[in-house]
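The block underneath contains the structure these notes are about, expressed in structure tokens.
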Amino acid sequence: MKRALVLGATGLVGSSLSRMLLDNPDYELVRVFTRRSLGFKHDRLREHLVDFEKPDAWSGKVIGDIAFLCLGTTLKKAGSKQAQFRVDYEYQFEFAKRALNNGVKSLILVSSAGASASSPFFYMKMKADLENTLKELPFKQLVFIRPGALMGKRSEKRAGELAGVRILRFLNSLGMFLRYKPIQAEQVAAAMLAAAGNSEEGIKIYELGELFGLSESSLTERLADLLSEANPLISSYSNDG
């Protein structure tokens, strides 16, 4: 049984991942670190509402076996590149350092397709810089998940982002920009869960094209578990009939 830590549990990927972890019998405890409540209760959920500007106040609670970094914002919401860098890079790196100091062995990060230190795009360069900095930390297992544009139901409307996804999907249909193909947030979360089930040590990078297959295997496995749980009930119902 494992204990999971989730940073950014109210986001598009983090919220899906948190529910998947709570549904997974391999995890005895799920600790989430967020600014606002998830809005639901669970016996294995420990919710920590934190101020990311004051990590010393909550660093002692970053205890578990595997950490999932799903925190992120947009340039528009942050207001400046500096503010976005603070959330996407600095908050996550600070969390990773404290997780390592508290004995966490594995870390999985939601990065980005096209992440490159030489990228002319701020966002993709930032993600690559975070990856490279995390590589300097001696985690036994370090996984980078590189999705394209994320699709899913958000609590707030992002008209510009939605338009961008539509344009990408159109270009993808023409065989263009497939490297940045949009992907459902649930698929990314499922891919993270599948990656966490791999006990192989070292650094592993999953590019966008690999995420679809990885998430499918995770969701298929979960469906099989649910059907297995349902079989006795189905048999009982049939016998009563």
Side-chain angles (χ1 to χ4, degrees), residues 1-34 37-48 58 60-71 92 95-96 98-111 134 137-147 150 152 183-207 210-234:
M1 298 286 281
K2 294 180 285 189
R3 298 163 298 165
L5 308 171
V6 182
L7 180 66
T10 57
L12 203 56
V13 174
S15 58
S16 293
L17 175 64
S18 297
R19 291 184 180 276
M20 290 180 185
L21 288 167
L22 291 169
D23 286 340
N24 192 309
D26 292 338
Y27 291 86
E28 63 178 341
L29 190 66
V30 179
R31 294 184 181 276
V32 301
F33 296 79
T34 180
S37 175
L38 272 65
F40 66 88
K41 303 293 184 180
H42 193 286
D43 291 342
R44 291 185 285 118
L45 174 66
R46 301 294 182 273
E47 189 175 66
H48 303 292
W58 46 263
K61 299 175 182 178
V62 187
I63 301 173
D65 301 298
I66 181 167
F68 298 89
L69 303 188
C70 312
L71 190 62
Q92 298 205 103
F95 188 91
R98 283 160 172 75
L100 182 66
N101 290 339
N102 291 346
V104 175
K105 305 299 183 185
S106 302
L107 184 140
I108 299 180
L109 168 74
V110 179
S111 185
L134 290 174
L137 301 180
F139 284 100
K140 284 191 174 181
Q141 182 190 46
L142 186 59
V143 179
F144 300 138
I145 303 290
R146 292 180 171 177
L150 297 174
I183 184 171
Q184 290 288 339
E186 287 188 355
Q187 290 178 295
V188 178
M192 296 181 79
L193 191 60
N198 184 350
S199 59
E200 182 180 353
E201 296 183 2
I203 299 172
K204 174 67 176 177
I205 299 175
Y206 289 99
E207 300 290 356
E210 300 173 276
L211 298 185
F212 294 99
L214 190 63
S215 64
E216 183 177 352
S217 66
S218 177
L219 293 171
T220 299
E221 182 179 341
R222 180 55 186 151
L223 178 59
D225 290 340
L226 290 173
L227 290 175
S228 177
E229 294 172 6
N231 275 339
L233 297 176
I234 294 173

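- The distance from atom OH of Tyr27 to atom CZ of Arg44, rounded to the nearest 0.5 Å, is 11.0 Å.
- Considering only residues two or more places apart in sequence or on other chains, Arg19 meets the side-chain hydrogen bond (donor to acceptor under 3.5 Å, both in side chains) condition with none of them.
- Summarising the geometry of Gly14 relative to Val6, their closest heavy-atom pair is O-CG1, 4.3 Å, with the distance given to 0.1 Å.
- The CD atom of Glu28 sits 13.5 Å away from the CG atom of Asp43 when rounded to the nearest 0.5 Å.
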Glu200 vs Lys140, side chain to side chain contact (heavy atoms under 4.5 Å, CB included): CA-CA, chis, key distance, verdict
CA-CA 9 Å; Glu200 182 180 353; Lys140 284 191 174 181; over 6 Å; no

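- Atom CD1 of Ile203 sits about 11.5 Å away from atom CZ of Phe139, to the nearest 0.5 Å.
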As a quick check of understanding, evaluate side chain to side chain contact (heavy atoms under 4.5 Å, CB included) for Val13 and Phe68, giving each step before the final call.
CA-CA 10 Å; Val13 174; Phe68 298 89; over 6 Å; no

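- Rounding to the nearest 0.5 Å places CD of Gln184 at 9.5 Å from CZ of Phe212.
- In summary, the aromatic rings of Phe33 and Phe95 are positioned with their centroids under 6.0 Å apart.
- Note: Met192 CE to Cys70 SG = 4.0 Å, rounded to the nearest 0.5 Å.
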Which side-chain N or O atoms in residues 99-109 pair as donor and acceptor under 3.5 Å with protein atoms at least two apart or in another chain?
{"residue": "Asn101", "atom": "ND2", "partner": "Lys97", "partner atom": "O", "Å": "3.3"}
{"residue": "Asn102", "atom": "ND2", "partner": "Ser59", "partner atom": "O", "Å": "2.8"}
{"residue": "Asn102", "atom": "ND2", "partner": "Val62", "partner atom": "O", "Å": "3.0"}
{"residue": "Asn102", "atom": "ND2", "partner": "Arg98", "partner atom": "O", "Å": "3.4"}
{"residue": "Ser106", "atom": "OG", "partner": "Gln141", "partner atom": "OE1", "Å": "3.0"}

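- Closest heavy-atom contact between Leu38 and Ala9: CD1-CB, 3.9 Å.
- Across all non-hydrogen atoms, the minimal contact from Met20 to Glu186 is CE-O, 3.4 Å.
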Carefully, step by step, assess Leu45 and Leu22 under the rule side chain to side chain contact (heavy atoms under 4.5 Å, CB included).
CA-CA 7 Å; Leu45 174 66; Leu22 291 169; 4.0 Å; yes

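- Within the model, atoms CD of Glu207 and CD1 of Ile145 stand 10.0 Å from one another, a figure rounded to the nearest 0.5 Å.
- Among the candidates Thr10, Leu7, Leu71, the single residue satisfying the side-chain contact (heavy atoms from CB on, under 4.5 Å) test with Thr34 is Thr10.
- A search for side-chain hydrogen bond (donor to acceptor under 3.5 Å, both in side chains) contacts involving His42 returns nothing, not counting sequence neighbours.
- When only modelled atom types and interatomic distance are considered, Ser37 and Glu47 share a side-chain donor-acceptor pair under 3.5 Å.
- A salt bridge is defined here as a Lys NZ or Arg NE, NH1 or NH2 lying under 4.0 Å from an Asp or Glu carboxylate O, and Asp65 with Arg3 meets this definition.
- Counting heavy atoms from C-beta outward, Val32 and Arg46 have side chains that stay 4.5 Å or more apart.
- A pairwise comparison of heavy atoms in Met1 and Pro25 identifies SD-O, 3.0 Å as the closest pair.
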